[in-house]
Amino acid sequence: MVLEWSKIEEKWRKTWESLHIFEADINPKREKYFLTVAYPYPNSPQHIGHGRTYTLADVHARYMRMRGKNVLFPMGFHYTGTPILAMSKRLAEGDEELIDTFNRIYGVPSAKIEEFKEPLEIAKYFHEEIKQGMKEIGYSLDWRREFTTIDLQYSRFIEWQFRKLRKTGYIVQGSHPVGWCPKDGNPVGQHDTLGDVEPEIGEFILIKFNLDGCLLPCATLRPETVFGVTNIWLRPDAHYVRSRVNDEEWMVSKEGSRKLGYLNLKVEEMERVKGSDLIGKWAENPLTGLRVPILPASFVDPKNATGVVMSVPGHAPYDYQALEDLKKKKEEFSPYGIDPKLLDSITPISIIELEGYSNLPALDVIKKMAIKSQEDPKLEEATAEVYSREFHSGRMKTNTMQYVGLPVSIAKERVKEDLVKSKKGDIFYEILNRPVVCRCGAECIVKIFENQWFINYGDENWKELARDCLGHMDIVPEDLRPEFEYTIRWLRQKACARKSGLGTKLPWDREWVIESLSDSVIYMAYYTLSKYIKSNRIGPDQLTNEFFDYVLLGEGNLEEVSRITMMKEELLEKIREEFRYFYPPDSRHSGRDLVPNHLTFFIFNHAAIFPPELWPKQIVVNGSVLMEGKKMSKSFGNIIPLREAIRKFGADPLRLAILSTAEVSQDADFSPALAKSLNGRLERFYEFAIGVIDLQDDYEGARPSNEDRWLISRLQSVVKAVTEAMDKLRIREAINHSLYELDQDLQWYLRRSPMKGSPRNNKAMARVLKDLVEVRVRLLAPFAPYLCEEIWERMGNDGLVSVADWPIYNEKKVDEKAEEVEEMLMRTIEDTVNIIKVKKIEPNRIYYYTSAEWKWGAYLKSLDILETGATDIGGLIKKLTEDVRMKKVGKELYKFVQRIYDELRGMPLEMRQRRSRVRALDEFRVLRDSTGFLEKELNAKVEVYREEDGERFDPMNRAGLAQPYRPAIYIS
RNA sequence: GCGGGGGUCGCCAAGUCUGGUCAAAGGCGCGAGGCUCAGAACCUCGUCCCUAAGGGGUUCGUGGGUUCAAAUCCCACCCCCCGCACCA
């Protein structure tokens with residue numbers, strides 16, 4: 001039999017919807033549980049990886065619901081941001097790669113892609129796609145509260161949040177450098193660039209050498225080497241521009257000149273010259289006053305910074321090598337009017353002392369690496385070495401003015417500061433890993449973004465509040481707490497708005513759109529409002545500041561708020577009540593990647609806006625999903641869309657497969673084989689359950705056997721273990737117990753009590769099995785809700801298992817003795833098999849000899865003695881022989897105690913106590929009653945004797961080896 | 001560089017806080033047997049090495065240490081992964 005998942009799924013999905021069981025409203029009689037998970041960004045379909053976070057949250061929601069909580073589990077859609085716009089643009093431009101992705105991987109029909117020229121169409125399309133998938137996989141969401149972050153009403157909410165933050169002084173304005181696409185006129189992040197390169201912004205120092213009144217700003221990362229400058233490098237074949245820059249005249253490369261504007265300098269181009277026209281002229285070092293010649297070098301890149309480079313041959317390998325190259329072919333440079341003698345006269349200046357190197361570290365490294373020309377790529381490495389060594393252990397020499405004796409790392413900062421202060425230098429931001437190319441094809445540059453709005457997470461008072469909030473929260477898994485603490489510590493100002501993208505405009509500065517990590521931090525509160533906003537058709541104009549102040553903070557006068565918002569007082573009160581009922585969030589689920597940003601902002605913003613009693617209580621963080629051990633990625637082609645996976649494997653097996661391979665914080669590994677095997681396991685459970693349901697359920701006169709009591713008892717420990725695991729969200733462990741270990745117990749039970757003939761003959765067994773199915777179907781319901789509903793219904797229950805009560809651990813049903821007996825039996829079989837294996841014999845008859853009574857006496861007494869304190873073996877025997885009956889046993893006792901001593905001592909305390917409580921087992925009876933079972937298991941005749949039975953058959957005299965819990969064995 | 005996580009018997013992965021039935025759960029893979037016309041599925045057993053009757057030996061990144069006892073505690077070292085922002 002194969003389950004038709006799609007049919008079962010559809011049936012129950014419809015039932016859930018029509019009965020509205022996942023819609024939560026105020027119910028003062030029931031305790032609420034408010035759980036949210038990060039809403040999706042609809043720019044692609046969900047895949048299995050997304051499924052993990054949501055499925056985990058759903059399992060959590062379903063569990064709490066079964067625990068009797070009034071669970072609110074809602075969902076929204078995060079439209080805010082720029083990627084959808086960028087995608088739309090690329091599609092409109094006919095980007096083959098993206099079209100192919102949409103077509104082939106996302107399965108979007110070509111006609112639809114046409115419509116995607118309108119960005120909102122993309123969002124709407126994937127919104128529906130994702131929502132459909134969430135329904136299909138069985139998430140127990142309250143869809144009435146759904147919204148998108150560009151709904152006008154939501155915008156009013158975000159505006160309120162931002163006014164609130166600004167009023168508290170947490171919003172500040174400032175300037176900072178960003179990676180920038182000059183064509184798009186937008187900041188660029190990693191996802192905006194070809195090859196997903198993050199633009200690295202570096203700080204060059206411009207040192208302004210004076211060339212006859214015009215300044216030559218040499219760009220350097222090492223301003224402290226200004227004392228070692230012997231000349232200036234220009235690229236002879238490049239174009240340079242003389243411009244008026246603010247109040248000065250500058251000479252920089254054509255490309256560099258363009259960048260100056262983006263760095264907020266006023267640039268007015270005056271004259272273009274070729275590099276070669278400047279070669280041979282002299283410029284003055286602004287710090288030392290030394291005049292140095294301008295020389296040609298091919299390694300100079302006019303596209304990098306200003307295209308003007310100062311030459312420090314003593315400490316910069318490039319400079320040294322370029323000078324050498326020049327000296328080798330002086331003649332070639334006569335057209336520039338350079339006197340060959342001049343070249344010879346230029347010698348490197350040593351300004352930094354570095355242990356392990358000569359005066360000229362640059363030369364040392366060039367020699368070491370056997371570099372022959374300035375075109376040699378090894379020069380990069382050489383530069384890095386000199387830079388790093390000098391930075392960390394170099395000291396400034398006596399020829400460095402007021403910086404003498406300083407470590408290079410400090411001198412570098414000082415020189416920079418002094419240069420900038422005295423206007424002899426400037427800061428110039430440049431992309432270090434250039435070229436970084438925007439997806440539009442233009443090369444990215446650095447722009448100083450002016451008047452940028454920031455949320456000031458660097459505010460110490462705010463940080464204190466955030467720490468306070470975090471300190472009261474439950475973090476699952478707990479090991480992630482340090483990461484939150486660290487993030488709170490290093491967070492500084494965070495740009496919170498940009499000039500483009502979907503979202504809410506800053507209420508006080510409409511040019512700016514609030515960016516996505518800032519409009520998604522307290523929206524959980526909005527779920528409690530959106531239900532009313534939708535059902536009462538409340539318009540954005542009604543959602544004034546007063547509205548939110550009243551509803552969310554209880555501030556203001558009801559009458560007045562009612563007047564301003566044109567809402568009835570009752571309605572306002574009702575909304576306020578709903579918010580107060582559900583808030584704060586009891587649990588927030590999200591992926592690991594959001595810890596250093598979203599989740600920490602979530603803490604900050606709650607701490608800033610809400611009073612402590614409304615601060616969130618828990619964060620649950622989960623790892624990602626690997627596909628058969630590999631990271632999922634488009635280039636591997638191993639991304640399975642969620643809906644496809646549901647169709648292929650079934651929702652329930654898929655849910656289990658995503659959750660069962662790793663605990664929450666670890667990365668889970670998905671494999672189709674696993675999903676299939678889970679499918680099989682669920683099918684078997686289904687078949688088994690159906691079979692059990694048909695058993696006669698007249699329990700009268702049922703007398704449970706030991707194995708019945710054992711299974712009942714085991715079931716209780718499974719209930720206990722699963723419940724404890726679920727409380728800690730140790731989902732994997734819960735699945736392990738309810739799905740795998742319980743199955744093993746069941747297999748043993750069925751072997752022990754085969755349904756011989758008609759199972760109707762065994763009423764006790766029917767009862768046990770029914771109990772088991774009844775409990776198990778509920779234990780599995782959060783994981784495999786569809787199948788469990790189906791079985792639950794077949795069992796004749798009226799209600800739905802989704803809202804049934806979670807099984808309660810019943811200590812009364814625990815039977816320690818039954819468990820010990822079964823374990824003894826298993827152990828005996830194991831030992832027997834072991835002997836058979838080692839001896840390589842085909843057994844005819846197997847004889848068991850159970851321990852003499854005195855051994856049980858000594859065994860139990862020993863347990864008690866060892867429990868009260870550590871005793872050595874001598875002490876133990878001494879104590880035992882205080883008993884006269886033991887004394888009579890004599891030498892046998894010594895031998896026996898010697899054999900059990902180590903075993904007892906190594907035994908876990910819990911087990912010792914249990915065996916002590918259980919007292920003696922009637923092993924003889926247990927084994928004799930199980931003879932039939934043992935014979936079948938071992939495929940031989942079985943006989944059982946007591947050790948003290950004088951008539952026993954014992955040719956090898958093995959009976960004496962018997963120990964409690966370990967009958968002696970003889971095999972013939 | 002700073003911060004976080006991790007290295008366990010073919011692979012994945014529990015166990016580590018709270019030392020002791022831990023040669024170490026579970027899954028996958030592999031092997032044998034059962035079932036079957038056959039196969040798949042399923043069930044049972046096995047899957048570090050040795051074994052002489054239920055036993056022994058060597059294992060949990062590496063090297064030391066503490067302890068009657070260490071995967072687990074302490075010290076040092078090696079290796080791997082992730083984050084460091086204006087972006088969802």
Side-chain angles (χ1 to χ4, degrees), chain A residues 2 38 40-41 43 78 80-84 176 178-179 187-192 198 449 452 454-455 457 477-487 489-498 501 515-518 520 592-598 601 623-624 626 628-629 657 660-663 665-669 671 673-674 676-681 683-684 687 730 732-733 735-737 739-741 744 747 750-751 823 827-828 830-841 870 872 902-909 911-912 937 956 958 961 963 965-971:
Chain A
V2 173
Y41 185 68
N43 72 334
H78 200 194
T80 311
T82 53
I84 285 176
H176 75 140
V178 294
V188 285
Q190 186 176 346
H191 55 278
D192 301 313
E198 175 80 38
F449 217 39
Q452 170 68 269
F454 296 92
I455 298 183
Y457 292 122
E478 189 57 37
D479 355 330
L480 284 173
R481 187 179 295 278
E483 215 158 307
F484 280 101
E485 285 165 352
Y486 177 72
T487 307
R489 210 177 320 134
W490 74 253
L491 270 179
R492 307 262 175 271
Q493 301 186 342
K494 147 96 186 141
C496 62
R498 35 192 315 171
E515 63 79 52
S516 59
L517 283 172
S518 303
S520 56
R592 257 209 107 118
D593 47 333
L594 298 187
V595 172
N597 43 68
H598 164 74
F601 301 157
S624 59
L626 304 175
E628 303 204 294
S660 68
T661 60
E663 285 303 352
S665 68
Q666 301 292 319
D667 287 348
D669 193 12
S671 75
L674 176 68
K676 283 195 194 110
S677 113
L678 282 161
N679 177 57
R681 205 164 267 273
E683 278 184 355
R684 257 174 291 136
E687 279 182 313
R730 298 189 48 96
R732 186 197 137 90
E733 193 179 322
I735 293 174
N736 224 353
H737 282 116
L739 201 61
Y740 294 111
E741 288 181 12
Q744 277 173 15
Q747 293 306 338
L750 292 177
R751 267 203 283 156
E823 256 160 55
R827 175 74 201 253
T828 304
E830 200 184 305
D831 281 351
T832 311
V833 168
N834 201 355
I835 296 167
I836 293 170
K837 193 180 124 196
V838 170
K839 282 290 276 184
K840 297 185 185 79
I841 46 171
D872 62 21
D902 279 342
E903 188 188 313
L904 290 182
R905 244 171 64 98
M907 207 181 266
L909 183 66
M911 194 172 183
R912 263 187 267 166
E937 288 288 308
M956 298 300 283
R958 303 199 56 87
L961 294 173
Q963 286 174 32
Y965 287 98
R966 303 194 73 182
I969 303 167
Y970 170 65
I971 302 173

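Note on naming: letters A, B, ... go to the chains in the order of the sequence lines (proteins, then strands), and numbering restarts at 1 for each one.
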Of all the nucleotides listed ([options]), which has the minimum atom distance to the side chain of [X]?
X      : options             : result
A/D479 : B/G5, B/G54, B/U51  : B/G5
A/Q666 : B/A25, B/G6, B/G54  : B/G6
A/A495 : B/A25, B/C86, B/A85 : B/C86
A/R684 : B/G54, B/C43, B/G26 : B/C43
A/D831 : B/G27, B/G54, B/G83 : B/G54
A/K494 : B/A85, B/G6, B/A53  : B/A85
A/M907 : B/A88, B/U21, B/G54 : B/U21
A/I971 : B/G54, B/G83, B/A53 : B/A53
A/E903 : B/A88, B/U21, B/G6  : B/U21
A/R492 : B/A25, B/A85, B/G6  : B/A85

By the 4.0 Å heavy-atom rule, please label [X] as base, sugar-phosphate, or nothing.
X      : answer
A/T80  : sugar-phosphate
A/L909 : nothing
A/G680 : nothing
A/A497 : nothing
A/E830 : nothing
A/I735 : nothing
A/Y486 : base
A/P477 : nothing
A/Y970 : base
A/M956 : nothing

task: For the pair A/F601 and A/Y457, name the ring-plane relationship: parallel under 30°, tilted 30 to 60°, perpendicular over 60°.
output: parallel

Any side-chain to backbone donor/acceptor pair from [X] onto [Y]? Under 3.5 Å, distance only.
X      : Y      : answer
A/R592 : A/G623 : no
A/Y486 : A/P596 : no
A/R912 : A/L904 : yes
A/E515 : A/L517 : yes
A/Q666 : A/T661 : no

Please give the distance between the [atom1] atoms of [N] and [M] as a whole number of Å.
N     : M     : atom1 : value
B/C79 : B/A24 : C1'   : 24 Å
B/A88 : B/G6  : C1'   : 27 Å
B/A25 : B/A32 : P     : 23 Å
B/A76 : B/G4  : P     : 16 Å
B/G1  : B/A23 : C1'   : 43 Å
B/U21 : B/C60 : P     : 16 Å
B/U72 : B/G63 : P     : 13 Å
B/U62 : B/G7  : P     : 13 Å

Contact between [X] and [Y] at the side-chain level, heavy atoms closer than 4.5 Å - yes or no?
X      : Y      : answer
A/S520 : A/T80  : no
A/K839 : A/I971 : no
A/Y740 : A/R681 : yes
A/V833 : A/E937 : no

Can you tabulate the close N/O pairs, meaning under 3.5 Å, that link protein atoms to atoms of nucleotides 8-10 of chain B?
none

Please list each protein N or O that sits under 3.5 Å from an N or O in nucleotides 28-31 of chain B, with the distance.
residue : atom : partner : partner atom : Å
B/C28   : OP1  : A/S677  : OG           : 3.0

To the nearest 0.5 angstrom, please state how far the [atom1] atom of [X] sits from the [atom2] atom of [Y].
X      : Y      : atom1 : atom2 : result
A/I835 : A/E830 : CD1   : CD    : 11.5 Å
A/Y965 : A/M911 : OH    : CE    : 7.5 Å
A/E478 : A/L480 : CD    : CG    : 9.0 Å

statement: Sorted by position of nearest nucleotide on RNA chain B, 5' first, the leading residue of A/G81 and A/T828 is A/T828

- prompt: Starting at the 5' end of RNA chain B, which residue's closest nucleotide do you reach first, A/K839 or A/E733?
  reply: A/E733

Is [X] near enough to [N] that one of its side-chain N or O atoms lies under 4.0 angstrom from OP1 or OP2?
X      : N     : value
A/T82  : B/A88 : yes
A/R730 : B/G15 : yes
A/R966 : B/G55 : yes

Is [N] paired to anything, Watson-Crick or G-U wobble with both distances less than 3.5 Å, and if yes, which nucleotide?
N     : value
B/G83 : B/C2
B/G10 : B/C28
B/A41 : none
B/A70 : none
B/U59 : none

task: Go through the N and O atoms of the side chain of A/N597 and the base of B/A88, and report whether any donor-acceptor pair is under 3.5 Å.
output: yes

- prompt: For the residue pair A/L674 and A/A657, what are the closest heavy atoms and their distance?
  reply: CD2-O, 3.8 Å

query: Where do A/C496 and A/Q452 come nearest, in terms of heavy atoms and distance?
result: N-OE1, 4.5 Å

task: Could you state the atom-to-atom distance from CD1 of A/I84 to P of B/A88 in whole Å?
output: 10 Å

message: Regarding A/R684 and A/E687, does a basic nitrogen lie under 4.0 Å from an acidic carboxylate oxygen?
response: no

What protein N or O atoms touch nucleotides 68-70 of chain B N or O atoms at under 3.5 angstrom, if any, and at what distances?
residue : atom : partner : partner atom : Å
B/C68   : O2   : A/R905  : NH2          : 2.5
B/C68   : N3   : A/R905  : NH2          : 3.4

